[in-house]
S.K.: 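Can you keep this structure in mind? I'll have questions shortly.
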Protein chains: 2
Amino acid sequence: MASVAIRVEGDLRVTLPGPLRLDCGVVLEGVEIAYTALGTLNAARDNAVLVCHALTGDQHVASPHPLTGKPGWWTRMVGAGKPIDPARHFVICANILGGCMGTTGPSSLNPATGRVWGLEFPVITIADMVRTQAALLDVLGIEVLRAVVGGSMGGMQALVWATAHPKRVRSAVVIASAARHSAQNIAFHEVGRQAIMADPRWRGGRYAEAGVTPAAGLAVARMAAHITYLSEPGLQAKFGRRLQAREAVSFGFDADFQVESYLRHQGMSFVERFDANSYLYITRAMDYFDLGMPLADAFRGVATRFCVVSFDSDWLYPTSESRRIAQALVAAGCHASFVELSSPFGHDAFLLEAPELNRVVDGFLRAGEC
Amino acid sequence: MASVAIRVEGDLRVTLPGPLRLDCGVVLEGVEIAYTALGTLNAARDNAVLVCHALTGDQHVASPHPLTGKPGWWTRMVGAGKPIDPARHFVICANILGGCMGTTGPSSLNPATGRVWGLEFPVITIADMVRTQAALLDVLGIEVLRAVVGGSMGGMQALVWATAHPKRVRSAVVIASAARHSAQNIAFHEVGRQAIMADPRWRGGRYAEAGVTPAAGLAVARMAAHITYLSEPGLQAKFGRRLQAREAVSFGFDADFQVESYLRHQGMSFVERFDANSYLYITRAMDYFDLGMPLADAFRGVATRFCVVSFDSDWLYPTSESRRIAQALVAAGCHASFVELSSPFGHDAFLLEAPELNRVVDGFLRAGEC
């Protein structure tokens, strides 16, 4: 393995050389991983920062999305002069196992049958996503991560990285996340899955062969989920009861209110970039996520430095869940910083302009780089 | 009109003798109202209590539901020895306009065409529901109500009763409700409507003629709504992450968690008793509901006594909305009592065993009967 700095930027793809054994017992062969890299891996190979994406995110953390043309989903956190800076970090972000942006998932071909996996794809876990990322790092010759950083489901991956591979992670940043998926969150996910599976075009998951997509069901799933990403005061401030380009209500079922029109748009634009079966698998992985009780046991002996961040208006992953993580970390003797930030934007806050979040992540990462 | 006490108990039905002019401008002829009555209307005709039902409620407030056989939806509040007691009150509960339990609604026949209304039924408002109830009282020869009592959408009706017909309402009890539907609540309703309309069996609202029902879409709508009726701590206490009759997760998409199984049951049992188009119309009426700003203007000159009750774990109609009503009432010089009760059960609390709620309603009603 070369001990000089290497620079491999752009949209990349590897096929894992070995098998991947999943929590469910299934062994996947020839797993493909689509990822992006930014910056330069230094000669010591110790400046890699892995960014883990959330449910509907992907590897395009700071580069335009190839389908929508929109900027990367975390350009506020990753880029020149940002807390995660390609000038000093080798930034890696990989599409998760089960995803639909190039990494093996239910829309990939099953090598054993030659047809699309569909619901024959094994049910995966957050730990399986992390295993896949660890195998990618093995391929890249990266033994230690300077940091693993993620919000929401990305935070779950950061927690699993630190607990399953404690020697490989110096620092973990866990934003707007939880150490287990709550009953309410399982319930919202179940609504989304039922909406997809109720769509006749879903066809038991075999829509790809039929050349159709369960767009209506997936849009409803997204609409329901999207409400949970916002906050009631945020919605009230952004939309209130304002009408959609009308003087008065229409006494009909068109989108009278701006919030209806906004939600419909969220649903419709989502189906253009996301796969319904991936939505089923990834929500399931989140539902299954639970680091166990007492939580401190999961962290015992872990030398990773942790930074746990919550937002006060986030009711999907409320501060109480982050506090629970922080308490368990301290109880386990870990290095743990816990910050609750104020924001009107609910769970979405971690993706939006949040100068305080940037200052916290920047300070935490730099302190670990001394 | 007889000035002696009358007793007309049971499941009853009237056809309005005159036309009903709606907010949208449409005039409905021959509106039928299905209602139940309990107790005896006294000779002074001043002991009538109108109970207004919520979105998916009906006239069977204290009698078994004819389709499900379950007890009335508010037997904890209405009955012998309860705050609303047929021994001293003449209790009336009518299925709302737009409903599906006997009162004219989108599943009724349109007299002009002879076929089911479907989406040709006019879009209605909470005020239209109240107009229909007022017309029923006219038929029954009841000029003044001792009280109008309702939770959730029933509370909206109580507010409209007191503001639109202030001379006819002595007391109003508004429980777990609001003076306007919030952006978040409109958003959740829109998800439910989109789920119904995305179901191909909905057929543009003309499923009745085709002999089908959009059960899958309606079930998804109910599942999403049902989450909003509960509270996160309540769900956590009731279900947590407990598995459904299994030792471990199934690594599949069956209901692994009890909360999933519970939600699916809620969805499936709902479609047996409720009409999809009624769901569209009633949610729309709630979305349209707004007593305006400044809210105090709506209450000025109203002599009705008000009792406003909220539950601390209700995030669908949070205490802040009830507080807003109470403040406006006081600002308008009205008689207003406001109570926030503690309960782990979220919005559903008003339908469940809540001794404090009973004590509050009982005391408030009795004070008005002195």
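To find a chain, count down the sequence lines: A is the first, B the second, and so on, and within it residues start at 1.
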S.K.: About how many Å separate OG1 of Thr104(A) and CD of Glu29(A), when rounded to the nearest 0.5 Å?
M.R.: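 Rounded to the nearest 0.5 Å, the CD-OG1 separation comes out at 11.5 Å.
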
S.K.: For Phe289(B), which atoms come within 4.5 Å of any heavy atom of chain A: side chain, backbone, both, or neither?
M.R.: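 When you check distances to chain A, only backbone atoms of Phe289(B) fall under 4.5 Å.
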
S.K.: Of all of Pro318(B), Gly267(B), Ala216(B), Ala224(B), which one pairs up most often with chain A through heavy atoms under 4.5 Å apart?
M.R.: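 Of the candidates given, the most pairs with chain A belong to Ala224(B).
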
S.K.: Given a strict heavy-atom distance threshold of 4.5 Å, which part of Asn185(B) is in contact with chain A: side chain, backbone, both, or neither?
M.R.: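 Nothing of Asn185(B), per the 4.5 Å heavy-atom cut-off to chain A.
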
S.K.: Between Glu340(B) and Arg323(B), does any NZ, NE, NH1 or NH2 come within less than 4.0 Å of an OD or OE carboxylate oxygen?
M.R.: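 Result for this pair is no, no salt bridge flagged.
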
S.K.: In terms of the angle between their ring planes, are Tyr279(B) and Phe274(B) parallel, tilted or perpendicular, with boundaries placed at 30° and 60°?
M.R.: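 Taking Phe274(B) first and then Tyr279(B), their aromatic rings stand perpendicular (interplane angle over 60°).
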
S.K.: Counting only non-hydrogen atoms closer than 4.5 Å, does His189(B) touch chain A with its backbone (N, CA, C, O), its side chain (CB onward), both, or neither?
M.R.: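 Neither the backbone nor the side chain of His189(B) comes within 4.5 Å of chain A.
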
S.K.: Pick one of side chain, backbone, both or neither for Val220(B), based on which atoms fall under 4.5 Å of a heavy atom in chain A.
M.R.: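 Both parts, backbone and side chain.
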
S.K.: Can you tell me which portion of His226(A) sits under 4.5 Å from chain B's heavy atoms? Options are side chain, backbone, both or neither.
M.R.: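 Contact with chain B is absent: no heavy atom of His226(A) under 4.5 Å.
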
S.K.: Answer yes or no: is there an ion pair linking Asp287(B) with Arg241(A), defined by an N-O contact shorter than 4.0 Å?
M.R.: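 No, this pair does not count.
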
S.K.: Will you find, in the side chains of Ser231(A) and Ser313(A), an N or O donor that is under 3.5 Å from an N or O acceptor?
M.R.: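 No, no side-chain donor-acceptor contact under 3.5 Å.
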
S.K.: Would you sort out whether Thr213(B) and Arg201(B) count as a side-chain hydrogen bond (donor to acceptor under 3.5 Å, both in side chains), showing the intermediate values?
M.R.: CA-CA 6 Å; Thr213(B) 54; Arg201(B) 294 192 174 181; over 6 Å; no

S.K.: Under 30°, 30 to 60°, or over 60°: which ring-plane class applies to Trp315(B) and Trp315(A), parallel, tilted or perpendicular?
M.R.: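 Rings of Trp315(B) and Trp315(A): tilted, 30 to 60°.
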
S.K.: Quick test of your reading of the model: are Asp256(B) and Arg284(A) salt-bridged, counting only N-O distances below 4.0 Å?
M.R.: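 Judged by the 4.0 Å cut-off on N to carboxylate O distance, Asp256(B) and Arg284(A) do form a salt bridge.
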
S.K.: When the ring planes of His347(A) and Tyr317(A) are compared, do they come out parallel, tilted or perpendicular, using 30° and 60° as the limits?
M.R.: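 Plane angle between 30° and 60°, so tilted.
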
S.K.: For chain A, find which of Ile186(B), Leu263(B), Leu119(B), Val259(B) contributes the most heavy-atom pairs closer than 4.5 angstrom.
M.R.: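 With the most close heavy-atom pairs to chain A, the winner is Ile186(B).
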
S.K.: Name the member of Gln258(B), Gln184(B), Arg180(B) that forms the most heavy-atom pairs with chain A at distances under 4.5 Å.
M.R.: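 Going by pairs under 4.5 Å, I would pick Gln184(B).
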
S.K.: Side chain, backbone, both or neither: which part of Ser250(B) has a heavy atom under 4.5 Å from chain A?
M.R.: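 Both parts, heavy atoms under 4.5 Å.
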
S.K.: Rounded to the nearest 0.5 Å, what separation is found between the OH atom of Tyr281(B) and the CG atom of Leu97(B)?
M.R.: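 That separation rounds to 11.0 Å.
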
S.K.: Please rank Ala187(B), Gly25(B), Ala198(B) by heavy-atom pairs under 4.5 Å with chain A and give me the top one.
M.R.: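 That would be Ala187(B).
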
S.K.: Could you have a look at Lys238(B), Glu232(B), Met197(B) and say which one has the most heavy-atom pairs with chain A under 4.5 angstrom?
M.R.: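 With the most close heavy-atom pairs to chain A, the winner is Glu232(B).
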
S.K.: Sort Phe188(B) into side chain, backbone, both or neither according to what part of it lies under 4.5 angstrom from a heavy atom of chain A.
M.R.: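 Both parts, heavy atoms under 4.5 Å.
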
S.K.: Under a 4.5 Å cutoff for heavy-atom pairs, which residue among Gly234(A), Gly240(A), Ala183(A) has the most contacts with chain B?
M.R.: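 Of the options given, most contacts go to Ala183(A).
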
S.K.: Side chain, backbone, both or neither: which part of Leu280(B) has a non-hydrogen atom closer than 4.5 Å to chain A?
M.R.: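 For Leu280(B), heavy atoms of backbone and side chain both lie under 4.5 Å from chain A.
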
S.K.: Sort out for me which of Leu235(A), Thr125(A), Ile227(A) touches chain B most, counting heavy-atom pairs under 4.5 Å.
M.R.: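 Top count of heavy-atom pairs under 4.5 Å with chain B: Ile227(A).
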
S.K.: Are the ring centres of Tyr262(B) and Phe239(B) closer than 6.0 Å?
M.R.: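 Yes, the ring centres sit under 6.0 Å apart.
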
S.K.: Pick whichever of Asp199(B), Ile124(B), Asp23(B), Val26(B) has the most heavy-atom pairs under 4.5 Å with chain A.
M.R.: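 Sorted descending by pairs with chain A, the first entry is Asp23(B).
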
S.K.: Measure Arg242(B) against the heavy atoms of chain A and call it side chain, backbone, both or neither at under 4.5 Å.
M.R.: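 Neither part, no heavy atoms under 4.5 Å.
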
